[in-house]
Amino acid sequence: MSLAYGRDLFVTPGPSVIPDRVLRSMHRAAPNIYEGELVDLTTSVIADLKRVVGTEGHAAIYIGNGHSVWEASIANLFAPGDRILVLATGPFGHGWAETARRLGVNAEVTDFGFQSEVVPDVVGRRLAEDSEHRIRAVLTVQTDTGSSVRNDIPALRRAIDEAGHPALLGVDAIASLGCEPLAMDAWGVDLVVAACQKGLMTPPGVAFTFHGARAEERRVECPSPYWDWTPRIAPRAFYQLFCGTAPTHHLYGLRAALDMMLVDEGLGNVWTRHEVFAKAIWAAVETWGKEGELRLNISESGVRSHAVTTIRTGPGDATRLRNWCDSIAGLTLGVGLTTPDQDRNSIFRIGHMGHLNPPMVLGALATIDSGLTALGVAKGEGALEAAAGVIAAAV
Ligand SMILES: *Cc1c(COP(=O)(O)O)cnc(C)c1O
C-alpha cells in the first residue's frame, strides 16, 4: 500500500519547493514585453538580486539553467588557450572546469576530493609557483551540491592576495545564494554565477552572472552574441537585457520570491533559518549514526553547507530508502550526485533550501526515520528528538 495521498514534499537540492505566492504571481496573461510594468519590475528585480549577492557590480540575466551561466561567464572572461585554476570539492567544480575546457580554455583542476573543503594554503602555494601570472582566474563553488561542503570564500581570497597573485576569483553560488551569507564585493569576489531554482524558490529557467570592476577590465571579446555581456549590462533597448524575449513569467516569480526574502522575512532571518534547519538535520543524522552506518558526508561541521546535506549509508541503503520514501510516503529525497569514485547507491541528499518551515523539515526527517525502520536499516534512536531540540533551542 501507499500512504502518499497528501501534498507531495520534495527535499531535493534544486529545484526547491516553489511557494504558492510565487506560483500565483506567475499565473497571469502575457504582459507587454516592450514597455510598462515588466520593464520597471525587471529593474527592481536586478537591484534586489544584487542586494542578495552583495554587489554593486554588473548583473546579467540569462534564460537558462546553472550550466548556462557556467558557459556565459567563461565565454566573457577567457579566450581559448587561457589558463585558469578550478578548485573541485565534488562534481560541480569538475563540471565548471569541463565547460571551460570545451570552450578551449586550459582549465587546471585542483581536486580536494568528495569529503573535504578547499584548503586555501594549497591554492596559495600553487599560485606562488605561477611566477609569470599565467593563471587568469581561480574558480570554485561556494556550496558543492553533491558533497554538501561549503567553501570559505574570504579565506580563499586572502590566500590569493597573500600569494601576490592577480588572478580573478569566481564563485558558483548556484546552490548557496539565498541560503547562506554571500558578500561578493566585501569578500573581494570578482564573479558570481547563480540560478533561480534553489534558494530563490522560482522554477528553473533563469540564471545570473554578477561581475565587478576587475572582471570588467579583463573581459575578452566574447565570440558568442548570446552570451556576450556588453548589451546585457548596458542595454539600449529592453530586449537586449535578455538577447531577445524576456522571461516574462519568471520575472514575476522572482519579484514575488525577492519580496518574500527581502521584505517579509529579511535576509538575516533567511540565513539564520537555513542554519537552524541544517543543524536540525545534522543532529538527526548524527543520532541515527550512533548505530549502523549512516554518516554525514562532511564530518567537520564548520564547512558543511546550510543548503544541502549529503548522507552516506550502508551499501545500497540510500537507494532503497529513497524509493521507499517516494513510493510509500510522497517524500522525494535527493539522489547521490557524486564524483565517479563514490557509490551513488549508498549516498542520498536532503535539500534544505528556500521555502521550508519546521513541519516540513521535521516531517521529512520523521518520514526518513519511518523508512529506515521499515527497511530494517540499523540506526541509533532519538534522532527526531534531537532535531526537534535544535529547533526549540533556536528561538
Ligand atoms: C544546481 C547546480 C548547478 C547546475 O545548475 P543546473 O541548473 O542544473 O544547470 C551548478 N552548480 C551548483 C553548485 C549547483 O548546485
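For the numbers below, each heavy atom of this structure counts, side chains included, while hydrogens, waters and symmetry mates do not. Remember, it's 1-based here, ligands and their atoms both numbered in the order they're listed.
Judged purely by atom type and a 3.5 angstrom limit, Arg83 has no side-chain atom pairing as donor or acceptor with the backbone of Ala107.
Cation-pi geometry between Arg136 and Phe78 is not met: the NZ or CZ atom fails to fall both under 6.0 Å from the ring centre and inside 45° of the normal.
The six-membered or imidazole ring of His211 lies near that of Trp229, with a centre-to-centre distance under 6.0 Å.
With Asp161 as the fixed residue, the side-chain hydrogen bond (donor to acceptor under 3.5 Å, both in side chains) test singles out one of Arg158, His165, Arg157: Arg157.
Using the six-membered ring where Trp is involved, His306 and Trp282 have ring planes that are tilted, between 30° and 60° apart.
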Hey, what polar pairs (N/O, under 3.5 Å) does ligand 1 make with protein?
| unit_1 | atom_1 | unit_2 | atom_2 | d |
| --- | --- | --- | --- | --- |
| ligand 1 | 7 (O) | Gly66 | N | 2.8 |
| ligand 1 | 7 (O) | Gln197 | NE2 | 2.7 |
| ligand 1 | 9 (O) | Asn65 | OD1 | 3.4 |
| ligand 1 | 9 (O) | Gly66 | N | 3.1 |
| ligand 1 | 9 (O) | His67 | N | 2.8 |
| ligand 1 | 9 (O) | His67 | ND1 | 2.5 |
| ligand 1 | 11 (N) | Asp172 | OD2 | 2.7 |
| ligand 1 | 15 (O) | Thr145 | OG1 | 2.3 |
| ligand 1 | 15 (O) | Lys198 | NZ | 2.6 |

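Ion pairing of Glu180 with Arg273 is absent here, as no side-chain N (NZ or NE/NH1/NH2) approaches a carboxylate O to less than 4.0 Å.
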